[in-house]
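Below you'll find the structure, written out as structure tokens, and then a few comments.
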Amino acid sequence: MATRLITPSQLSLFSISPVIGAWWEELQAQKLFEGSKPAVSELDQQLFADGLRHEQVLLTKLEKAGHSIARLPGKQTDADYAATREAMAEGVEFIHQASLCNEEMRGSADLLKRIDRPSLLGEWSYIPIECKLASKPKTTFLVQASAYCELLTPLLGHRPDQFELYLGGGKFQPYGTDQFWAWYQLLRQRYRQFREGFDPAVVPEDAPGDHGGWSTFIEQRLEKARDLMLVAGMRQSQRQKLRAAGISTIEDLAAVPAGTAIPGLNGEALHELRQQAELQLQPVDADGRPAYRLRPIETGKGLAALPAADAGDIWFDMEGVHDPVSGSKLEYLFGACYRNTPDGKPLFKAFWAHSEAEEKRAFEAWVDWVEERRRQFPGLRIYHYAAYEKTAMRRLAQQHATREAEIDDWLRSGLLVDLLPVVTSAIVLGEPSYSIKKVEHLYMEQRQAGVTNAGDSVVAYLHWQLSGEPDLPGEAPKASPKLQAIEDYNREDCESTVFLHDWLLKLRREQGLPEQPLQQPLDEAAQEPREPQPLELLSQQLLEEIPDHLADEGALGPRGMSWRAHRLLAQLLPFHHREAKVGWWAYFDRRSKAELSPSELIDD
């Protein structure tokens with residue numbers, strides 16, 4: 001067996017990718033990897049920086065609480081191992097980047113926490129804390145924490161009986177070591193066998209999946225090999241069945257004769273995948289447009305599902321950023337296109353927010369603007385692409401306890417129209433995905449904005465937060481060029497949705513289809529506004545009593561309670577009604593998928 005010490009990270013990779021990711025990791029560890037891994041994206045770099053910030057936030061909290069902390073280098077040198085043992089012997093309450101090793105493994109624990117339990121050290125002992133940005137535990141976290149329990153055992157004279165995960169949002173989650181120890185020992189044994197039998201000459205077959213830090217590298221190899229996963233809509237289970245039948249590339253699939261039967265694969269599904277592969281292999285036309293094919297018209301789907309166009313229609317897109325350290329989400333830009341005349345140039349309106357309070361005001365301003373426009377154009381719809389905007393608006397209405405009746409009405413009346421299922425049911429597109437950035441190649445020229453995708457917009461916004469630039473988009477020095485670049489990107493997303501809708505309406509006219517609503521008309525009772533319940537009215541009254549700018553939430557309000565308690569009471573009163581909505585949302589979301597794109601429910 002190799003004498004090189006393994007690491008908890010290598011073991012955790014083996015737990016999720018024992019054939020592919022672990023093989024490439026071992027090849028690199030043995031210094032036999034001669035290729036190059038893809039450059040780390042800006043978004044991944046930001047996540048790494050957030051991980052470091054996550055640890056520093058915790059350390060700062062602990063120091064402010066008066067705890068003693070040993071901050072160590074964590075480089076796993078002889079000096080670092082000695083420094084860890086010394087800090088443990090002194091009984092330091094917390095040890096950051098504690099270097100540990102045994103005969104097989106070495107690593108640096110994010111944090112060791114002193115507890116009151118006798119050990120070889122004295123009347124105290126230590127347990128590991130793994131700091132992770134994710135909001136929920138993962139298998140890899142449990143593997144790493146168990147590994148540090150193993151590394152602590154010889155220093156303590158016993159195995160730690162617990163460990164903790166410090167997750168995104170500042171949540172501690174404790175676990176009993178015994179819950180996972182038998183599984184962990186089996187994993188350790190399997191990894192020993194893997195390393196003993198490792199053959200650098202036998203390269204494993206590539207497959208899609210989570211391969212840790214090797215995932216992007218494997219994706220590039222699959223693309224180079226023209227793998228079946230290049231086919232839009234291809235599921236892993238379908239890929240496996242096709243490969244078992246000797247079909248391993250997108251070219252192989254496109255060449256499958258009509259009527260061919262593949263064991264375990266539905267004939268209709270095979271037909272869909274084969275025509276998708278065919279179109280993706282067709283070259284773009286002279287204008288750079290990809291090939292596409294109209295699907296047969298079906299009642300209530302695709303082009304037949306589009307509502308009647310209205311002069312007041314709105315096309316909507318949102319930008320948001322998640323802070324994994326605090327666990328908070330900020331929707332910082334609500335963008336909308338609209339027209340003053342049916343054939344006029346789309347106009348753009350933006351609602352910005354840079355804090356939770358501003359997010360509430362921007363959301364309210366957006367909803368109020370739509371409601372005002374609805375009074376002028378009762379037949380308008382709000383068009384968006386994919387489910388993000390619909391989900392975000394439901395969350396914001398509940399989170400801020402505002403405009404809930406309006407959002408409920410939007411959902412009941414079918415005001416929100418997702419164009420993604422319309423597109424996938426209307427055409428087969430010769431692109432590897434049906435994202436709007438791919439679909440727009442059919443109807444739009446190349447974008448001009450410097451920010452080109454949602455990941456770029458997140459990074460750009462985080463860069464703005466650190467830049468010290470003003471909080472308004474525009475030219476320096478009075479405004480922010482960084483925010484202007486984000487707004488330009490959002491505007492182009494909204495304009496793309498406008499032009500997509502125009503293009504779909506043109507296709508519908510060419511097919512001779514009449515204008516008709518997305519769904520069958522609701523009965524009058526369903527369209528009537530729901531009367532608010534008494535607790536909802538009281539909640540709204542209490543919220544309206546809270547001043548906009550509170551200097552001290554602990555101060556007493558007019559009802560003899562602190563403003564903090566006042567706000568909490570107002571938000572709790574309609575709790576059961578608000579929670580009941582979530583189940584109904586899930587039901588109607590699934591019903592809509594069953595009607596418009598039932599294939600999406602296969603993996604649900």
Side-chain angles (χ1 to χ4, degrees), residues 309-321 330-354 358-359 361-377 379-386 388-390 392-393 396 403 410 415-420 435-437 439-454 456-458 460-461 464 469-476 478-505:
D310 189 90
D313 283 337
I314 298 169
W315 299 269
F316 181 52
D317 186 60
M318 293 171 64
E319 308 296 336
V321 62
L330 176 69
E331 305 296 346
Y332 60 84
L333 177 56
F334 303 73
C337 273
Y338 62 100
R339 283 176 167 138
N340 283 334
T341 58
D343 298 320
K345 181 181 178 181
L347 304 176
F348 178 72
K349 189 174 183 66
F351 304 82
W352 279 93
H354 302 301
E358 290 181 9
E359 178 188 67
R361 290 195 292 271
F363 175 63
E364 290 173 337
W366 149 249
V367 174
D368 293 346
W369 178 75
V370 171
E371 287 298 303
E372 181 181 350
R373 191 167 175 83
R374 286 182 79 188
R375 286 189 281 274
Q376 182 182 0
F377 303 99
L380 73 77
R381 295 293 207 282
I382 301 173
Y383 293 91
H384 58 99
Y385 199 83
Y388 180 84
E389 284 72 24
K390 181 179 180 180
M393 284 191 286
L396 290 171
R403 306 301 188 267
W410 292 11
L415 187 74
L416 301 170
V417 180
D418 185 355
L419 290 178
L420 174 58
S435 73
I436 197 164
K437 306 299 187 298
V439 177
E440 69 187 25
H441 293 159
L442 290 170
Y443 55 82
M444 196 165 120
E445 301 301 326
Q446 187 173 358
R447 291 179 177 233
Q448 302 300 317
V451 176
T452 58
N453 58 62
D456 286 348
S457 71
V458 169
Y461 188 76
W464 168 81
E469 291 183 357
D471 60 2
L472 294 173
E475 296 183 1
K478 294 184 178 181
S480 168
K482 288 183 171 61
L483 292 184
Q484 186 60 57
I486 296 172
E487 185 171 294
D488 290 343
Y489 163 74
N490 181 264
R491 173 180 49 77
E492 288 190 342
D493 261 0
C494 291
E495 290 174 348
S496 181
T497 309
V498 175
F499 300 143
L500 170 60
H501 185 215
D502 290 345
W503 186 76
L504 290 170
L505 291 172

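These figures come from a predicted structure and were not determined experimentally.
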Evaluate the side-chain contact (heavy atoms from CB on, under 4.5 Å) criterion for residues Tyr332 and Val321: first the C-alpha distance (whole Å), next the side-chain angles of each, then the deciding distance (0.1 Å), finally the verdict.
-> CA-CA 7 Å; Tyr332 60 84; Val321 62; 3.9 Å; yes
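- Under the 4.0 Å criterion applied to side-chain N and carboxylate O atoms, Glu372 and Arg375 are not assigned as salt-bridge partners.
- Contact check on Arg491 versus Glu487 returns no salt bridge, with no Lys/Arg side-chain nitrogen under 4.0 Å from an Asp/Glu carboxylate oxygen.
- The shortest non-hydrogen separation linking Tyr388 to Gly320 is OH-CA, 3.8 Å.
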Practice problem: I would like to know whether Phe363 and Met393 meet side-chain contact (heavy atoms from CB on, under 4.5 Å); could you show each step before the answer? | Solution: CA-CA 8 Å; Phe363 175 63; Met393 284 191 286; 4.1 Å; yes
side-chain contact (heavy atoms from CB on, under 4.5 Å) between His501 and Thr497: does it pass, once the steps are laid out? CA-CA 6 Å; His501 185 215; Thr497 309; 5.8 Å; no
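- Here the CH2 atom belonging to Trp352 is positioned 9.5 Å from the CG atom belonging to Leu472, to the nearest 0.5 angstrom.
- When all heavy atoms of Gln484 and Gly474 are compared, the closest pair comes out as OE1-N, 3.2 Å.
- Side-chain contact, Trp503 with Glu440: no donor N or O sits under 3.5 Å from an acceptor N or O.
- Two residues are said to be in side-chain contact when any heavy atoms from C-beta on lie closer than 4.5 Å; Ile486 and Asp456 fail this criterion.
- Ile314 has its side chain within reach of Trp366: a pair of non-hydrogen atoms, C-beta onward, lies under 4.5 Å apart.
- For the pair Phe377/Asp313, no side-chain contact is recorded, criterion being any heavy-atom separation below 4.5 Å from C-beta on.
- In summary, the side chains of Tyr461 and His354 do present a donor paired with an acceptor at a separation below 3.5 Å, with no hydrogens or angles considered.
- When all heavy atoms of Leu483 and Pro470 are compared, the pair lying nearest together is CD1-O, 3.8 Å.
- One distance of note links CG of Asp317 with CG of Leu333; it measures 8.0 Å at 0.5 Å rounding.
- Rounding to the nearest 0.5 angstrom, the gap separating the CZ atom in Phe316 from the CG atom in Asp493 is 12.0 Å.
- Atoms CD1 and CG, from Ile382 and Asp418 in turn, are 13.0 Å apart once rounded to the nearest 0.5 Å.
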Apply side-chain contact (heavy atoms from CB on, under 4.5 Å) to residues Phe348 and Asn490 and explain how you reach the verdict. CA-CA 10 Å; Phe348 178 72; Asn490 181 264; 3.3 Å; yes
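- Summarising the geometry of Ala309 relative to Leu505, their closest heavy-atom pair is CB-CD1, 3.8 Å, with the distance given to 0.1 Å.
- Shortest non-hydrogen contact noted between Trp315 and Arg339 is CH2-NH1, 4.1 Å.
- Annotation: the span from Phe334 atom CZ to Trp369 atom CH2 amounts to 13.5 Å, rounded to 0.5 Å.
- Inter-residue side-chain proximity for Leu416 and His384 is flagged as met; some heavy-atom pair is nearer than 4.5 Å.
- Tyr385 contributes no side-chain N or O that, together with a main-chain N or O of Cys494, makes up a donor-acceptor pair within less than 3.5 Å.
- When each of Glu319, Glu389, Glu359 is paired with Glu331, the side-chain contact (heavy atoms from CB on, under 4.5 Å) condition holds for Glu359 and for no other.
- The side-chain heavy atoms of Phe351 and Met318, taken from C-beta on, include no pair separated by under 4.5 Å.
- A distance of 10.0 Å separates CH2 of Trp410 from CZ of Arg403, quoted to the nearest 0.5 Å.
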